[in-house]
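In what follows, every heavy atom counts, from backbone to side chain, and hydrogens, waters and symmetry copies are set aside. Residues: numbered from 1 along the sequence shown. For ligands, and for the atoms within them, numbers begin at 1 and follow the listed sequence.
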Amino acid sequence: MLTGKNILLGICGGIAAYKTPHLVRLLKKSGANVQVVATKSALKFVSELSLATVSRAPVLGDMFSEDSPGEGDRTLHITLGEWADAFVIAPATANTIARLSAGLCDDMLSVCFITLRPEKPVLVVPAMDGYMYESPSVRRNLSVLATQGCSILEPESGDLASGQCGLGRMPEPETIVETLADMLEPAPESLLKGKKVLITAGPTREKIDDVRFLSNYSSGKMGFAIAAAAARRGAIVRLVTGPVSLNTPAGVERIDVESAMEMMEASRRFFDDCDLFIGAAAVADYRPEQPVEGKLKKSGAAMDIRLVRNPDILAEFSAGRKQGQISVGFALETAGGIGYAREKLENKKLDLVAFNVYDRSTSGFEVDTNVLTLLDRAGNVSELPLLSKDAAAGRLLDAIEPLLYR
Ligand code: C5P
């Protein structure tokens, strides 16, 4: 699976480090060349001799120690960044995750993280006690890494070294190797090439009067990331967006609108002519029935604003679509779970729905990361890890592509 690939394996000081000689063995068996970079504390949990023996290379750690195997090569940290086809950090501890997210360079592992060439994939495999993993600091630092393009392989639930049972176990080395192999697989020519894709993005603004509106916190980042990814795959992309402060992705035709009604009108113009419609906009469900001209005057009394329903752009597209046209929507929920997403798939007659929970820090509006679960009509459910919105957009398109030619 990994024939000839150069894998830099960063090991940190957590109990799961005891599984890393096995991980090295599996990587070697898959055909990879492995260079281990261990933190000082990693070598308290696993022996340097074991790692050097199975990887058939000296273990690197301290940048300046006298007996460091890399001592002869003062620029080893730079050359390793070029040499590596991928960097796997397993187990990744809370401390190293914090150091990497802050850009510190105080040992070989953290320097290699910085010198790794930007296009090379990084797989971070956190393993720690469940409470540590759920702490706001760890969540924030992981989301910084995901935003930088790192893939985070979420820990599994089970018995922990702390004696507790819960989230935090490092996935088995077999799972880590499979995940890495997927990441390194060369991208086939995209089925989206030449396809016409219509995407809605951002919030809508519903006028109360000439100076006030109802809206939501949508930043448009997810929809823009999808538009950029689809354009990179050779699709002809039209992006109908509500008010956002984002640059138009290269090669994308952008149509700016304000209200849901305007978004509907603009989208309708392209319905017939698209192969794929992706509703990523957070369209306001209601609008003030009668926006006031000028500025509404305040008085001492309470104010009633009567709201009426906006049309559902996605549902209208799905209802009227021709054979072969694909319809994809999002289901953002603050609670309630996947059941709502399944209902949306049915009610709006979608081919695929991307479900995400709004948790303010890693998923949902405004943030740069997302945790999506993709559900399609065939009943396939794919739970994606915490990813940057760019990476999540790529995975969403990966799931959509096979539907295009069905
Ligand atoms: O029903 P709900 O608003 O949760 O559905 C979300 C999905 O439907 C998103 O894909 C959104 O872009 C789309 N939608 C739409 N027009 C609306 C409301 C939602 O296209 N009026």
Side-chain angles (χ1 to χ4, degrees), residues 197-207 213-227 229-230 237-244 246 254-271 274 276-289 307-321 325-359 363-366 370-377 389 392-393 396-397 399-400 403:
V197 181
L198 175 61
I199 300 167
T200 62
T204 63
R205 285 181 180 172
E206 309 301 326
K207 270 174 97 166
F213 55 82
L214 295 174
S215 191
N216 56 62
Y217 290 113
S218 168
S219 63
K221 285 176 183 167
M222 193 65 229
F224 273 59
I226 298 168
V237 185
R238 286 180 178 127
L239 176 63
V240 179
T241 178
V244 295
L246 295 172
R254 169 174 177 168
I255 300 106
D256 285 288
V257 296
E258 202 166 288
S259 66
M261 295 299 273
E262 287 173 16
M263 187 172 273
M264 179 58 140
E265 286 317 307
S267 304
R268 242 186 220 148
R269 282 195 275 135
F270 305 115
F271 274 178
C274 77
L276 165 65
F277 178 76
I278 305 177
V283 187
D285 292 320
Y286 295 90
R287 67 178 184 278
E289 185 173 37
L307 302 176
V308 293
R309 278 303 301 262
N310 271 328
D312 191 311
I313 305 169
L314 183 60
E316 181 173 318
F317 170 78
S318 298
R321 69 189 153 125
Q325 288 188 308
I326 299 294
S327 179
V328 174
F330 274 78
L332 175 79
E333 303 293 346
T334 46
I338 216 155
Y340 287 120
R342 280 213 176 84
E343 275 175 27
K344 227 152 273 186
L345 190 73
E346 284 306 317
N347 297 344
K348 301 201 188 199
K349 301 187 176 63
L350 307 178
D351 294 291
L352 187 140
V353 68
F355 165 69
N356 59 328
V357 175
Y358 175 61
D359 74 357
S363 183
F365 290 157
E366 287 181 313
N370 219 343
V371 182
L372 295 180
T373 301
L374 310 179
L375 296 91
D376 70 17
R377 291 205 79 76
K389 284 187 173 168
L396 174 66
L397 294 181
I400 293 172
L403 305 176

Identify the protein heavy atom lying closest to [atom], giving its residue, its atom name and the separation to 0.1 Å.
atom                    : answer
atom 4 (O) of ligand 1  : K344 NZ, 2.6 Å
atom 16 (N) of ligand 1 : I313 N, 3.0 Å
atom 3 (O) of ligand 1  : D285 OD1, 3.9 Å
atom 2 (P) of ligand 1  : K348 NZ, 3.5 Å
atom 15 (C) of ligand 1 : D312 OD1, 3.4 Å

With a heavy-atom distance limit of 4.0 Å, tell me whether N310 approaches ligand 1 through its side chain, its backbone, both, or neither.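 Neither; nothing of N310 gets under 4.0 Å from ligand 1.
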
Using a 4.0 Å heavy-atom threshold (strictly under), name the region of P311 that reaches ligand 1: side chain, backbone, both or neither.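 Backbone only.
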
Within the distance-only criterion (no hydrogens, no angle test), does the side chain of E333 pair as donor or acceptor with the backbone N or O of I338 below 3.5 angstrom?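 Checking the backbone N and O of I338 against the side chain of E333, no donor-acceptor pair under 3.5 Å is found.
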
Is a side-chain N or O of T200 found less than 3.5 angstrom from the main chain of A280, in a donor-acceptor match?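 At least one qualifying donor-acceptor pair exists.
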
Do F330 and ligand 1 have an N or O pair less than 3.5 Å apart?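 Checking ligand 1 against F330, an N or O pair does fall under 3.5 Å apart.
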
Please check whether V283 reaches ligand 1 - meaning an N/O of the residue sits under 3.5 Å from an N/O of the ligand, judged on distance alone.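 No, since none of the N or O atoms of V283 sits under 3.5 Å from an N or O of ligand 1.
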
Could you measure the distance from the OG atom of S267 to the CG atom of L239? Nearest 0.5 Å is fine.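 Going from the OG atom of S267 to the CG atom of L239 covers 10.0 Å.
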
Atom NZ of K221 and atom CG of N370: how far apart are they, to the nearest 0.5 Å?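 If I round to the nearest 0.5 Å, the distance is 11.0 Å.
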
Selected option - heavy-atom contact closest to atom 20 (O) of ligand 1, from I278, L314, V353, I199: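 Checking each option, the heavy atom nearest atom 20 (O) of ligand 1 is found in L314.
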
Residue G279 vicinity, atoms of ligand 1 by number, heavy atom under 4.0 Å: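 So the answer, numbered in order with elements, is 9 (C), 10 (O), 11 (C), 12 (O).
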
Where ligand 1 meets G329 - atom numbers and elements under 4.0 angstrom, heavy-atom basis: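 That gives atoms 10 (O) of ligand 1.
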
Show the nearest heavy-atom pair for residues A266 and V240, with the distance to one decimal.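 Closest approach of A266 to V240: CB-CG1, 3.9 Å.
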
Check A225 against K389 and note the closest heavy-atom contact, atom names and distance.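 Taking every non-hydrogen atom into account, CB-O, 3.6 Å.
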
Below 4.0 Å from ligand 1: does a non-hydrogen atom of A281 turn up there or not?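 Yes, that is the case, since the closest heavy atom of the residue is under 4.0 Å from the ligand.
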
Is R268 salt-bridged to E316, going by a charged N under 4.0 Å from an acidic O?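 Looking at E316 together with R268, the answer is yes, because their closest N to O distance falls below 4.0 Å.
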
Parallel, tilted or perpendicular: which describes the rings of F277 and F317, with under 30° parallel and over 60° perpendicular?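 F277 vs F317 ring planes: tilted.
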
If the test is side-chain contact (heavy atoms from CB on, under 4.5 Å), which one of L350, L372, V353 qualifies with F330?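 Between F330 and the candidates, side-chain contact (heavy atoms from CB on, under 4.5 Å) is satisfied uniquely by L372.
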
